[in-house]
**Q** 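Mind having a look at this structure? Questions to follow.
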Amino acid sequence: MPANYIGRFAPSPTGPLHAGSLVAALASWLDARAHGGRWLVRIEDVDVPRCVPGADRTILQQLADCGLHPDAPPLYQSQRAALYQQALDTLVAGGLAYPCACSRRDIEAELQRLGRAKPRHGELVYPGTCRPEQGGLHGQAARAWRLRVLAGTIAWSDRRLGPQTQDVEREVGDFVLRRADGYFAYQLAVVVDDGAQGISHIVRGADLADNTARQILLQHALGLPTPRYLHTPLVLGANGEKLSKQNGALALDTRDPLAALNAAAGVLGLQVSAATLADWLAAATAQWAAAWGPTSKIRV
Ligand code: GLU
């Protein structure tokens, strides 16, 4: 397994890295190094309206300042629409995806009618209005494309968080693969790219753990293998919420890379002291390998 290890860091260029995103970047880099694997960077600019011009270059520079160099040139999701369309076509041909004419307001009204108006994390569980067996588009124009979620509960195991389950059909419903504005959804792009790049291990922030069951369903639907997952602890802001660009997290200052790396390492439960960047990264890799490497005792 270690020889075939391919990991990745997949930032959305909606702004520069902040202290929280460095934790995920560092953990994914350390895990790849501890397994003797490769580490890739993928710029997730699929949600074009949210991207900030130049943020990709800033992120790559911040990573380089911290000594985190990808083993191949970064891949950009904005250049891969043809691949996502191909995957969507495959799902449609297999009866696993269908077009949907519903607006958010339509969905809210239908959920209300069904007495199921409870939003889940603010997201609405799609009531299946446009499912082919319910009459499809009802003569309206297609807006979005959705996955037909037929499986019941998805069970998976996170290397840090342990066993996880989610009833995707009940808790999420048929989710969007291609949005009404024409852009491909994160869920489809991430699964297609992880598959295409042969990603064997995904290490990312715990805020993304809730997406994993959906992504495993999509992997099954597309005949792709399921990577191993490790979701890292989140950095909380002063208000107790996850640090994010949306709630004004400061750009990571990488003029003193060791200070930035020490803070990230602390969140990961590592305590590293070294005078140079190279020594720091080597010491951190050894500590990570002892906790999470191929010969570590921790097995979830
Ligand atoms: N692009 C996503 C983000 O920045 C991360 C995707 C992933 O790691 O699966 O939140």
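One is the number of the first residue; the rest follow in order along the sequence. One-based numbering, in listed order, for ligands and for the atoms of each.
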**Q** Let me confirm one number: the CG-OG1 distance from Asp56 to Thr14, rounded to the nearest 0.5 Å.
**A**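 Asp56 CG to Thr14 OG1: 11.5 Å, rounded to 0.5 Å.
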**Q** Counting only nitrogen or oxygen atoms and a 3.5 angstrom limit, does Leu208 reach ligand 1?
**A**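 Between Leu208 and ligand 1 (N or O atoms, distance only) the closest approach is not under 3.5 Å.
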**Q** Could you tell me whether Tyr229 and Trp156 have their ring centroids closer than 6.0 angstrom?
**A**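 They qualify: ring centres under 6.0 Å apart.
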**Q** Has Arg8 got any heavy atom lying under 4.0 angstrom from an atom of ligand 1?
**A**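 Contact present.
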**Q** Which residue pairs pass the salt bridge (charged side-chain N to carboxylate O under 4.0 Å, His left out) test when at least one of the two sits in residues 266-276, sequence neighbours left out?
**A**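 Counting only pairs at least two positions apart or across chains, no salt bridge (charged side-chain N to carboxylate O under 4.0 Å, His left out) contact touches residues 266-276.
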**Q** Considering Glu44, Arg42, Gln77, Arg204, which one's heavy-atom position lies nearest to atom 9 (O) of ligand 1?
**A**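 Nearest option to atom 9 (O) of ligand 1, by heavy atoms: Arg204.
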**Q** Which heavy-atom pair separates Asp71 from Gly37 by the least distance, and what is that distance?
**A**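 For Asp71 and Gly37, the tightest heavy-atom pair comes out as OD2-O, 4.2 Å.
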**Q** Can you check whether Arg57's main-chain N or O pairs, donor with acceptor, with Gln61's side chain at less than 3.5 Å?
**A**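 Here the side-chain-to-backbone pair does not exist.
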**Q** Evaluate Tyr186 for polar contact with ligand 1, using N/O atom pairs at a separation under 3.5 Å.
**A**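 By distance alone, the answer is yes.
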**Q** With heavy-atom distances below 4.0 Å as the criterion, list the atoms of ligand 1 near Ser12.
**A**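 Going through ligand 1 atom by atom, the ones under 4.0 Å from Ser12 are 1 (N), 2 (C), 3 (C), 4 (O).
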**Q** Which atoms from ligand 1 have a heavy atom of Val190 less than 4.0 Å away?
**A**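 Near Val190, the atoms of ligand 1 are 9 (O).
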